[in-house]
There are 2 protein chains.
Amino acid sequence: MTLRLDTVFAALADPTRRAILTMLLEDDMAVTDVAAPFEMSLAAISKHLGILAEAGLISREKRGRVIWCKLEPDALRGASVWMQGFGQFEPVDLDAFERFLEGELAEVQEEGPEER
Amino acid sequence: MTLRLDTVFAALADPTRRAILTMLLEDDMAVTDVAAPFEMSLAAISKHLGILAEAGLISREKRGRVIWCKLEPDALRGASVWMQGFGQFEPVDLDAFERFLEGELAEVQEEGPEER
DNA sequence: GGCATATTCAACCATCCGGTTGACGATCCG
DNA sequence: CGGATCGTCAACCGGATGGTTGAATATGCC
């Protein structure tokens with residue numbers, strides 16, 4: 001349980017992995033397609049996907065030689081609940097979030113993953 | 001902005017640091033008192049507090065020779081919003097959270113920080 | 001002043017993390 | 001079959017992370 005929070009938060013701490021999750025929010029994707037917009041190697045992306053899967057944030061299903069990655073947003077619930085306990089945040093402004101996501105996606109797709 | 005998410009999530013990925021935040025939820029605390037229930041050295045706790053402060057999750061104020069640590073839950077808002085975008089989680093059950101927190105606090109205070 | 005307390009600093013160590021490259025197994029297709 | 005594509009594995013590397021210890025700094029107290 002605590003372990004799950006460890007791995008979920010650790011998985012979310014990397015901008016490449018957050019970008020991947022954001023991409024998967026739009027649709028399921030094959031590993032190669034996930035890797036396409038990034039500048040790093042396919043193996044690196046494969047590792048990131050392994051970490052996300054380990055945290056339960058995505059699932060992977062092999063169909064033919066293609067492995068399809070699917071977002072599993074339920075894995076975020078525990079972490080979300082934990083965080084919400086620290087403040088009565090006002091209801092989430094989903095429009096603002098949408099705009100933010102578009103920005104993040106644009107970043108990834110135009111320039112590759114953001115530098116640190 | 002992305003940097004902030006990086007540091008916030010990374011800070012939350014460690015169980016000792018989450019336990020510290022939970023303790024600070026109850027009240028402001030001096031560094032020595034924060035360190036008391038843990039088995040590790042004061043210097044280690046001091047480092048953890050530095051990381052939490054760097055992420056904006058706590059603030060530190062020196063009064064006399066004592067440094068008081070204060071929770072800054074606003075720093076969680078960005079991360080919380082980011083996560084909420086991934087699912088329409090039902091309204092948080094604050095009672096359940098309260099019970100969970102009591103469990104976590106009890107763990108820390110009775111046995112020291114949980115092992116991994 | 002001189003000692004005790006509170007906290008950080010600095011150096012060190014083992015391990016983890018994020019990336020690379022090259023080889024490998026699996027699958028599709030002509 | 002043989003070649004191309006998909007994805008992972010293994011070994012390696014540099015830098016970050018989480019911990020230690022011992023010295024240093026700053027403040028409070030007698």
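Quantities reported herein were computed from a predicted structural model and do not represent experimental measurements. Labels below follow one simple rule: chain letters A, B, ... track the order of the sequence lines, proteins then strands, and each chain is numbered from 1. As a basis for the values below, the full set of heavy atoms in this structure was taken, side chains included, without hydrogen atoms, waters or symmetry mates.
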| field | Transitive ILVMFWY cluster of B:Val66, excluding itself - 4.5 Å side-chain cut-off | value | B:Trp68

| field | Nucleic acid contacts - residues 52-61 of chain B versus DNA chain C, non-hydrogen atoms under 4.0 Å | value | B:Arg60

[X] [atom1] - [N] [atom2] separation (whole Å):
X	N	atom1	atom2	value
B:Glu39	D:dG18	CD	P	18 Å
A:Leu42	D:dT8	CG	P	7 Å
B:Leu12	D:dG18	CG	P	12 Å
A:Asp6	C:dC17	CG	C1'	15 Å
A:Trp68	D:dG7	CH2	C1'	14 Å
A:His48	D:dT8	NE2	C1'	15 Å
B:Leu49	D:dG18	CG	P	13 Å
A:Met40	C:dT20	CE	C1'	11 Å

| request: Kindly say if B:Ser46 contacts the phosphate of C:dT7, meaning a side-chain N or O under 4.0 Å from OP1 or OP2. | output: no

| field | Closest-nucleotide 5' rank along DNA chain C - winner of A:Ser41 and B:Ala43 | value | B:Ala43

Run the side chain to side chain contact (heavy atoms under 4.5 Å, CB included) test against [X] and tell me which residues pass, sequence neighbours left out.
X	answer
B:Thr32	none
A:Ala75	A:Leu57
B:Ala35	B:Leu42, B:Ile45
A:Ala13	B:Phe9, B:Ala10

| message | List the residues meeting side-chain hydrogen bond (donor to acceptor under 3.5 Å, both in side chains) with A:Ser41, not counting sequence neighbours, and say none if there are none. | response | none

| query | Which is it for A:Lys70 and A:Met29 under the side-chain contact (heavy atoms from CB on, under 4.5 Å) test, yes or no, and what are the steps along the way? | reply | CA-CA 7 Å; A:Lys70 182 179 184 311; A:Met29 295 179 77; over 6 Å; no

| Does a side-chain heavy-atom distance below 4.5 Å link A:Leu12 with A:Leu76? | yes

| field | Nucleotide-resolved protein contact map, nucleotides 12-17 of chain D, B/S/- at heavy-atom distance under 4.0 Å | value | ------

| query | How would nucleotides 25-30 of chain D be written as a contact map, 5' to 3', with B for base contact, S for sugar-phosphate-only contact and - for no contact, using protein heavy atoms under 4.0 Å? | reply | -SBS--

| remark: dist B:Ile51:CD1 -> B:His48:NE2 (nearest 0.5 Å) comes out at 6.5 Å

| task | Please collect all salt bridge (charged side-chain N to carboxylate O under 4.0 Å, His left out) contacts where either partner lies in residues 47-62 of chain A, sequence neighbours excluded, each pair once. | result | A:Glu61-A:Arg63

| task | Go through the steps to decide whether A:Cys69 and A:Asp28 satisfy the test side-chain contact (heavy atoms from CB on, under 4.5 Å), and finish with yes or no. | result | CA-CA 6 Å; A:Cys69 303; A:Asp28 299 358; over 6 Å; no

